[in-house]
**Student:** 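The structure follows.
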Amino acid sequence: MNRIAAIALALLFAAPAAADDAPPITDTLGLAALSAAIDGGDYRRIEAIVVDRGGETLFEDYYRGSGPDSRIDARSAGKSITALALGMAVGDGALAGVDLPLLSFFAAEEPIAHDGDAKRAITLHDALTMSSALDCNDWTMQSPGNEERMYDTRDWTRFALDIPVDEAYRRHEESGQGRFSYCTAGVFLLGRVVERAVGEPFEAYVQRRLFDPLGIADPVWRRAPEGVVQTGGQLGLRARDFAALGRLVLDGGAHEGAQLVPRDWVRALYRPRVRATPDQSYGYLWWFGNFRAPGAERDYSALMMSGNGGNKVAVFPELDAVVTILSTNYNRRDMHEQTDALIENHILPALLADCAARPPCTASPILSPQGGLTARPVRGIRRG
């Protein structure tokens with residue numbers, strides 16, 4: 001990305017949008033201290049917080065001039081929407097499943113650089129779990145597939161397809177799962193797969209099948225130079241929109257009696273697939289993490305949309321709660337630690353107190369009687 005484009009994007013997304021009116025603030029959780037801490041500068045660049053329990057908004061507040069209608073770029077949190085779209089395509093019969101070869105959808109782009117058995121063996125599952133054989137790691141600037149290299153090209157599809165294969169790649173002997181390597185380019189290709197499978201642009205399909213039923217309007221999509229939308233993140237939505245997506249997943253893909261995302265697919269989202277970091281696992285473009293309130297004796301596990309800046313939509317099935325925090329604290333080392341601190345020190349204690357004071361929290365029915373959600377690391381291969 002050239003310097004002028006980078007500055008334009010920063011002005012579009014990072015600057016808080018002024019609300020037309022004072023934002024309606026809801027607080028039945030007694031979180032005045034949280035807002036005071038944010039307004040006092042204890043937490044940087046927080047734009048919005050929405051907390052839902054049982055489908056009821058218990059807390060909603062906005063900061064730094066943002067309001068209910070502000071579209072905030074939650075960066076890679078948008079990847080999780082691509083997982084929902086792929087699941088809808090499977091449910092609609094447009095895709096036979098996730099074990100299909102990724103390159104089978106790109107015959108028109110052949111020949112493909114670094115072609116061979118290893119690249120031909122990459123499946124949709126591999127891209128969904130950030131575990132393909134591509135030499136692609138956004139956390140390493142030297143990686144041939146780093147997303148910043150893609151942004152400097154005129155054809156993102158061609159760039160992603162031509163990424164070399166990691167010569168050291170191997171799969172786990174028992175699970176068949178590859179090592180975790182965070183690759184935005186692979187998720188961008190998944191978006192192209194969806195639109196080719198369903199026969200319409202990705203954003204049109206998502207709007208019709210997902211956003212319209214949820215009341216999500218005027219999303220701000222970033223587009224690749226070839227005109228297609230960036231399905232690897234960088235999507236601007238309202239805080240209420242992100243909260244609605246979290247609630248949808250907590251409710252098993254159903255909304256007002258309509259099954260928007262197949263229930264079996266949502267259940268698949270709740271299964272960790274690969275260890276991503278020492279304390280977090282990764283599934284189908286959704287993260288898994290544990291949170292503990294001060295003085296608590298146990299953790300509470302969450303399924304999460306997560307993005308640069310500290311953006312997070314944390315789904316707590318045990319509490320039937322969704323916590324949405326939008327932040328423009330981009331590219332800071334402590335961005336996620338700050339968001340986690342807001343959850344652990346303020347929001348989670350308030351939710352637990354609310355569960356004790358009112359009718360007790362009832363776990364989401366998406367949890368299976370065999371044990372349900374776990375954020376514990378799973379067996380797999382980790383890079384060096």
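We count residues from 1, following the sequence as given. Quick caveat, the model's predicted, so the values are computed rather than measured.
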**Student:** Are the side chain of Arg149 and the backbone N or O of Met141 linked by a donor-acceptor pair below 3.5 Å?
**Tutor:**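 Looks like yes, one N/O pair under 3.5 Å.
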**Student:** Listed by chain and number, what are the side-chain contact (heavy atoms from CB on, under 4.5 Å) partners of Glu56, not counting sequence neighbours?
**Tutor:** Leu58, Arg358
**Student:** So which pairs with a foot in residues 193-203 pass salt bridge (Lys or Arg N to Asp or Glu O under 4.0 Å), sequence neighbours left out?
**Tutor:** Glu109-Arg196, Arg192-Glu195, Glu200-Arg208, Glu203-Arg223
**Student:** I'd like to check the side-chain hydrogen bond (donor to acceptor under 3.5 Å, both in side chains) partners of Asp99; sequence neighbours left out, ordered by chain and number.
**Tutor:** none
**Student:** Less than 4.0 Å between a side-chain N and a carboxylate O, is that true for Glu60 and Arg240?
**Tutor:** yes
**Student:** Ignoring hydrogens and geometry, is there a side-chain-to-backbone donor-acceptor pair from Thr324 to Ile49 under 3.5 Å?
**Tutor:**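 No.
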**Student:** If you define the side chain from C-beta out and look only at heavy atoms, does anything of Leu285 sit under 4.5 Å from Val187?
**Tutor:**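 When only atoms from C-beta onward are counted, Val187 and Leu285 do touch, with a gap below 4.5 Å.
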**Student:** If two hydrophobic side chains count as joined below 4.5 Å and joins carry through other members, does Leu161 share a cluster with Tyr151?
**Tutor:**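 Hydrophobic grouping puts Leu161 with Tyr151.
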**Student:** Do the side chain of Arg273 and the main chain of Gly283 share a donor and acceptor less than 3.5 angstrom apart?
**Tutor:** no
**Student:** Counting N and O atoms only, with roles assigned by atom type, does the side chain of Ser175 sit under 3.5 Å from a partner on the main chain of His172, one being a donor and the other an acceptor?
**Tutor:**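 Checked: no pair found.
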**Student:** Check this for me, if you would: do Asp155 and Arg158 make a salt bridge, where the nitrogen-to-carboxylate-oxygen distance has to be below 4.0 angstrom?
**Tutor:**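 Here Asp155 does not pair with Arg158 in a salt bridge, since their nearest N and O are not under 4.0 Å apart.
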**Student:** The test is side chain to side chain contact (heavy atoms under 4.5 Å, CB included); show your working for Phe211 and Ile81 and say whether it passes.
**Tutor:** CA-CA 10 Å; Phe211 286 180; Ile81 297 172; 4.3 Å; yes
**Student:** At what distance, to the nearest 0.5 angstrom, does CG of Leu103 lie from OG1 of Thr123?
**Tutor:**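 Atom-to-atom, Leu103:CG and Thr123:OG1 are 10.5 Å apart.
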**Student:** With side chain to side chain donor-acceptor pair (under 3.5 Å) as the criterion, how do Ser301 and Glu318 come out once you've worked through the C-alpha distance, each side chain's angles and the decisive distance to 0.1 Å?
**Tutor:** CA-CA 8 Å; Ser301 297; Glu318 284 185 271; 5.4 Å; no
**Student:** Could you check whether any side-chain N or O of Asp138 sits under 3.5 Å from a backbone N or O of Thr184, counting only pairs where one atom can act as donor and the other as acceptor?
**Tutor:** yes
**Student:** Please name all residues satisfying side-chain contact (heavy atoms from CB on, under 4.5 Å) with Ser76, sequence neighbours left out, ordered by chain then number.
**Tutor:** Lys79, Tyr182
**Student:** Can you tell me if Lys119 uses its side chain to pair, donor with acceptor, with the backbone of Ala113 under 3.5 Å?
**Tutor:** yes
**Student:** If we only count heavy atoms from C-beta on, is the Phe105 to Val194 side-chain gap below 4.5 Å?
**Tutor:** no
**Student:** Using modelled atom types only, decide if a donor and an acceptor are shared between the side chain of Asp27 and the backbone of Leu29 within a distance under 3.5 Å.
**Tutor:**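 Yes, because the side chain of Asp27 sits within donor-acceptor range (under 3.5 Å) of the backbone of Leu29.
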**Student:** Before we go on, tell me: are the rings of Trp139 and Phe180 under 6.0 Å apart, centre to centre?
**Tutor:**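 Yes; Phe180 has its ring centre under 6.0 Å from that of Trp139.
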**Student:** With sequence neighbours left out, what residues match Phe291 under ring-ring contact (aromatic ring centres under 6.0 Å, His included)?
**Tutor:**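 Applying ring-ring contact (aromatic ring centres under 6.0 Å, His included) to Phe291 gives Phe316.
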**Student:** Tell me, please, which residues at least two apart from Pro225 pass side-chain contact (heavy atoms from CB on, under 4.5 Å).
**Tutor:**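 Checked Pro225 against side-chain contact (heavy atoms from CB on, under 4.5 Å); matches are Arg154, Trp156.
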**Student:** For the pair Arg222 and Asp73, evaluate salt bridge (Lys or Arg N to Asp or Glu O under 4.0 Å) and give the outcome as yes or no after the intermediate values.
**Tutor:** CA-CA 10 Å; Arg222 181 183 178 184; Asp73 177 8; over 6 Å; no
**Student:** Going by salt bridge (Lys or Arg N to Asp or Glu O under 4.0 Å), name the residues that satisfy it together with Glu337, two or more places apart in sequence or in a different chain.
**Tutor:** none
**Student:** Shortest non-hydrogen contact from Gly236 to Arg71?
**Tutor:**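 For Gly236 versus Arg71, the nearest heavy atoms are O-CG, 3.6 Å.
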**Student:** Give the C-alpha distance, both sets of side-chain angles, the deciding distance and a yes or no for side chain to side chain donor-acceptor pair (under 3.5 Å) between Asp320 and Thr362.
**Tutor:** CA-CA 6 Å; Asp320 194 16; Thr362 302; over 6 Å; no
**Student:** Which heavy atom of Leu248 sits nearest a heavy atom of His255, and at what distance?
**Tutor:**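 Closest approach of Leu248 to His255: CD1-CB, 4.0 Å.
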**Student:** Is there a chain of hydrophobic side chains (I, L, V, M, F, W, Y, each step under 4.5 Å between heavy atoms) that links Val249 to Val90?
**Tutor:**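 Both belong to a single hydrophobic cluster.
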**Student:** Looking at Phe288, I'd like to know if the NZ or CZ of Arg271 sits under 6.0 Å from its six-membered ring centre while staying within 45 degrees of the ring's axis.
**Tutor:**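 Cation-pi check for Arg271 and Phe288: fails.
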**Student:** So, taking the atom named CD in Gln230 and the one named CH2 in Trp221, what distance separates them when rounded to the nearest 0.5 Å?
**Tutor:** 9.5 Å
**Student:** Show the numbers, then the answer: is there a side chain to side chain contact (heavy atoms under 4.5 Å, CB included) between Ser306 and His336?
**Tutor:** CA-CA 9 Å; Ser306 181; His336 291 297; 3.4 Å; yes
**Student:** Using salt bridge (Lys or Arg N to Asp or Glu O under 4.0 Å) as the criterion, list what pairs up with Asp334, not counting sequence neighbours.
**Tutor:**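 Once residues adjacent in sequence are excluded, the partners of Asp334 under the salt bridge (Lys or Arg N to Asp or Glu O under 4.0 Å) criterion are Arg44, Arg332.
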**Student:** Please identify each residue that fulfils side-chain hydrogen bond (donor to acceptor under 3.5 Å, both in side chains) with Asp212, with sequence neighbours left out.
**Tutor:** Gln207
**Student:** Apply side chain to side chain contact (heavy atoms under 4.5 Å, CB included) to residues Leu34 and Leu342 and explain how you reach the verdict.
**Tutor:** CA-CA 8 Å; Leu34 177 149; Leu342 282 169; 4.2 Å; yes
**Student:** Which atoms form the tightest heavy-atom contact between Ala185 and Ile163, and what is the distance?
**Tutor:** CB-CD1, 3.8 Å
**Student:** With a 4.5 Å limit on heavy-atom distance, are the side chains of Val274 and Met130 in contact?
**Tutor:** no
**Student:** Hey, what do you get for CD (Glu47) to CG (Asn311), rounding to the nearest 0.5 Å?
**Tutor:**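 If I round to the nearest 0.5 Å, the distance is 9.0 Å.
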**Student:** If you compare all heavy atoms of Pro272 against all heavy atoms of Ser281, which two are closest, and at what distance to 0.1 Å?
**Tutor:** CB-CB, 3.8 Å
**Student:** Does Leu84 form a side chain to side chain contact (heavy atoms under 4.5 Å, CB included) with Leu210? I'd like the steps, not just the answer.
**Tutor:** CA-CA 9 Å; Leu84 296 179; Leu210 184 65; 4.2 Å; yes
**Student:** For salt bridge (Lys or Arg N to Asp or Glu O under 4.0 Å), just list the numbers for Arg171 and Asp126, CA-CA rounded to whole Å, side-chain angles, deciding distance to a tenth of an Å, and then say yes or no.
**Tutor:** CA-CA 11 Å; Arg171 295 181 183 273; Asp126 294 334; 2.7 Å; yes
**Student:** Applying side-chain hydrogen bond (donor to acceptor under 3.5 Å, both in side chains), name anything that partners Arg209, two or more places apart in sequence or on another chain.
**Tutor:**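 side-chain hydrogen bond (donor to acceptor under 3.5 Å, both in side chains) check on Arg209 returns Asp92.
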**Student:** Of all heavy-atom pairs between Thr339 and Ile325, which one has the smallest distance, and what is that distance?
**Tutor:**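 Residues Thr339 and Ile325, closest heavy atoms: CG2-CD1, 3.7 Å.
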**Student:** Verify, without hydrogens or angle tests, whether Tyr62 (side chain) and Ile25 (backbone) share a donor-acceptor contact under 3.5 angstrom.
**Tutor:**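 Not confirmed, Tyr62 side chain does not pair with Ile25 backbone.
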**Student:** Does Asn331 offer a backbone N or O that forms a donor-acceptor pair with the side chain of Asn308 under 3.5 Å?
**Tutor:**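 Checking the backbone N and O of Asn331 against the side chain of Asn308, a donor-acceptor pair under 3.5 Å is found.
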**Student:** Would you check if the side chain of Asn146 reaches a backbone N or O of Thr140 as a donor-acceptor pair within less than 3.5 Å?
**Tutor:** yes
**Student:** Can you pull out every disulfide (SG to SG under 2.5 Å) where at least one residue sits in residues 30-60? Sequence neighbours excluded, please.
**Tutor:** none
**Student:** Test Tyr63 against Ser35 for side chain to side chain donor-acceptor pair (under 3.5 Å), laying out the working first.
**Tutor:** CA-CA 8 Å; Tyr63 312 92; Ser35 290; 2.9 Å; yes
**Student:** Applying side-chain hydrogen bond (donor to acceptor under 3.5 Å, both in side chains), can you list everything that pairs with Tyr43, at least two apart in sequence or on another chain?
**Tutor:** His346
**Student:** Mind listing the closest non-hydrogen atom pair of Gly246 and Val313 along with its distance?
**Tutor:**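 Residues Gly246 and Val313, closest heavy atoms: CA-CG1, 4.1 Å.
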